[in-house]
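None of the values given here were measured: they were computed from a predicted structure.
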Amino acid sequence: MAEAYFPVGPGLGMEENFLSLDDILMSQEKLPGRAESALPRLAVLLGQGAGSAESIPEGSKLEIPLWLAKGLHDSKRRIISVELPKIYREAWRTVFSADANVVDLHKMGPYYYGFGSQLLNFENPENPEIAQTDSVCSLQTFIARFRRIMDSSQNAYNEDTSALVARLDELERALFQVGQKGLNDFQCWEKGQASQITASSLVQNYGKRKLAEVDG
């Protein structure tokens, strides 16, 4: 009998988990940047040419997928430079500080928290302090939105929740689903429709991963 498939969670901080579908999708998100030297045979890949042999001239403005930006970024050789996407800049940090709940994170970036952590892999020539404070900003935004997300998940039993989750990033959506499942399991147990309350699948998966690490 085949074992049940358990989704692999994303990595933490600057580390990616290449078995995670969320991290694979996140790595396709694009960063604004600039070619600091000519980039041979990359024009088609970056949507700037028709022939496979075309090069990108030095100084060209780029939209670079995260996975490629991390591969090309080298502070010594200066192949490319990477800029902060607008949602992580000072103007947006001010908006988040005022009221983080009003922002449609999914529209601005479906992997806001994970992608923000990945920006710490790059040096920002305009303002290095932005990269140092970005993780703090993301944490404050998460804290500000977390309570509302969990409150909503516990007060929307058997209701259409599509409008509630439309503005959440993927991490927040996963938390909302965990809250909904916990509420549903409790309601079933309270009505006598379940023999016992079982551990969350997240906890079970974490335990299995820890056992696998010990065995390995």
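- Between atom CG of residue Leu31 and atom CG of residue Leu119 there is a gap of 6.0 Å, rounded to the nearest 0.5 Å.
- For the residue pair Arg41 and Ser55, the shortest heavy atom distance occurs at N-OG, 3.8 Å.
- Note that the CG atom of Asp169 and the CE atom of Met26 stand 11.0 Å from one another [nearest 0.5 Å].
- Distance CZ/Arg34 to CG/Leu62: 9.5 Å, rounded to 0.5 Å.
- Taking each heavy atom of Met108 and Trp92 in turn, the nearest pair found is CE-CZ2, 3.7 Å.
- Taking OG of Ser153 as the reference point, atom CZ of Arg173 lies at 15.0 Å (rounded to 0.5 Å).
- No donor-acceptor distance shorter than 3.5 angstrom exists from the side chain of Glu29 to the backbone of Leu66, with no hydrogens or angles considered.
- In terms of heavy atoms, Phe115 sits closest to Pro85 at CE2-CG, 4.0 Å.
- Take Asp151 and apply the salt bridge (Lys or Arg N to Asp or Glu O under 4.0 Å) test, not counting sequence neighbours, and it matches Arg147.
- Between Tyr88 and Tyr112, the angle of the ring planes stays under 30°, which puts this pair in the parallel group of the 30/60° scheme.
- With rounding to the nearest 0.5 angstrom, the CD atom of Gln180 is 11.0 Å from the CG atom of Asp185.
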Intermediate values then yes/no, side-chain contact (heavy atoms from CB on, under 4.5 Å), Leu175 and Phe142: CA-CA 11 Å; Leu175 290 172; Phe142 179 77; 3.5 Å; yes

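- Applying the side-chain contact (heavy atoms from CB on, under 4.5 Å) criterion to Glu63, with sequence neighbours excluded, gives Lys30, Pro32.
- Rounded to the nearest 0.5 Å, atoms CG (Leu72) and OG (Ser81) are 11.5 Å apart.
- Salt-bridge annotation for Arg78 and Glu58: absent, with no side-chain N of the basic residue lying under 4.0 Å from a carboxylate O of the acidic one.
- Summarising the geometry of Ala43 relative to Ile56, their closest heavy-atom pair is CA-CG1, 3.8 Å, with the distance given to 0.1 Å.
- Applying the side-chain contact (heavy atoms from CB on, under 4.5 Å) rule to Arg145 yields the partners Ala100, Asn101, Val103, Leu105, Tyr113, Thr141, Ile149, Leu168, Glu172; only residues at least two apart in sequence or on another chain are considered.
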For Leu39 and Ile80: C-alpha separation, side-chain torsions, deciding distance, then whether side-chain contact (heavy atoms from CB on, under 4.5 Å) applies. CA-CA 9 Å; Leu39 303 176; Ile80 62 168; 4.1 Å; yes

